[in-house]
Amino acid sequence: MPATDGARSRSSRATPVTLLAIAGALLAARVTLGIVEHVRPVERPDLVEWRDPGAGEAEARVHGKLVLYCFTDERSDPCRQLSREVFGDPMAATSINEHFIPVRVLDSKRAGGHNPPGVEALEARFGVKQLPTLVVVSPDGAHSQIQAGYGGALATRQFLSQATAMVMMPGRGFRMRIGGPPDSIGGGADSTIGR
């Protein structure tokens, strides 16, 4: 019997070492995968049901819904990050599709091309100077809130929530800037949140 107990103790000592080696290898693989995902993020499909500007504006007037304009350039890293982190998130995309008429406005001028007159007019109307820019507009087009740039998924979700409230209650318009206090403005509600 003593020989059997000695054999058992040696095999039971080998089991924890083997398990620790496997756990170490799995941990190393996960760290490596995390680094690769950080350097080259996984692209998620955009789940938002985008419309063209003319069709989206008409649909918003008919249904009395807010318009969410997304001024974007598919070659821009911040634009792709917004698409991946917000528009590719199932919960955020569902909320956008339910509460807004989403309108994508592709800017080709910044990529070395030129924009059609309709895109130029929309960019001038909302003062778009940076991509991406999100604009929440009332169904009648009279009131809007603007977020210029991309400050992350959480900031974008907060903007969409606050912009919805501000556009629906236009008499309480304010301008927000990162790092500064809100200040009142006359006319329509216009908010800029930079990076």
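These numbers come from the heavy atoms of this one structure, side chains and all, not from hydrogens, waters or symmetry mates.
By the 4.5 Å heavy-atom criterion applied to side chains, Leu82 and Leu134 are counted as neighbours. Counting only heavy atoms from C-beta outward, the side chains of Pro102 and Phe87 never approach each other to under 4.5 Å.
Glu74 CD to Asp46 CG: the interatomic distance, rounded to the nearest 0.5 Å, is 9.5 Å. One finds the CD1 atom of Ile96 at 12.0 Å from the CE atom of Met91 (value rounded to the nearest 0.5 Å). Atom CG of Asp52 sits about 10.5 Å away from atom CZ of Arg104, to the nearest 0.5 Å. For the atom pair OG1 (Thr72) and OH (Tyr150), the distance works out to 12.0 Å, reported to the nearest 0.5 Å. Atoms CG and CG, from Leu47 and Asn97 in turn, are 8.0 Å apart once rounded to the nearest 0.5 Å. The line from OG1 of Thr133 to CZ of Phe126 is 11.0 Å long, rounded to the nearest 0.5 Å.
Contact record, Val67 with Gly56: CG2-O, 4.4 Å, taken as the closest heavy-atom pair. When all heavy atoms of Pro139 and Ala60 are compared, the pair lying nearest together is CB-O, 3.7 Å.
More than 12 heavy atoms of other shown residues, nucleotides or ligands fall within 6.0 angstrom of atom CD in Glu120.
Just one residue in the list Gln145, Arg125, Glu57 forms a side chain to side chain contact (heavy atoms under 4.5 Å, CB included) with Val137, and that residue is Arg125. Phe71 pairs in a side chain to side chain contact (heavy atoms under 4.5 Å, CB included) with only one of the listed residues (Val103, Leu131, Leu106), which is Leu131.
A donor-acceptor pair under 3.5 Å is absent between the side-chain atoms of Asp89 and the main chain of Glu85, judged by distance alone. For Thr94 (side chain) and Pro90 (main-chain N/O), a donor-acceptor pair under 3.5 Å exists by modelled atom type.
Contacts of Thr164 classified as side-chain contact (heavy atoms from CB on, under 4.5 Å), with partners at least two apart in sequence or in another chain: Leu66, Phe100, Met168. With sequence neighbours left out, Gln158 forms a side-chain contact (heavy atoms from CB on, under 4.5 Å) with Leu154. Applying the side-chain contact (heavy atoms from CB on, under 4.5 Å) criterion to Glu59, with sequence neighbours excluded, gives Arg51, His63, Ile101.
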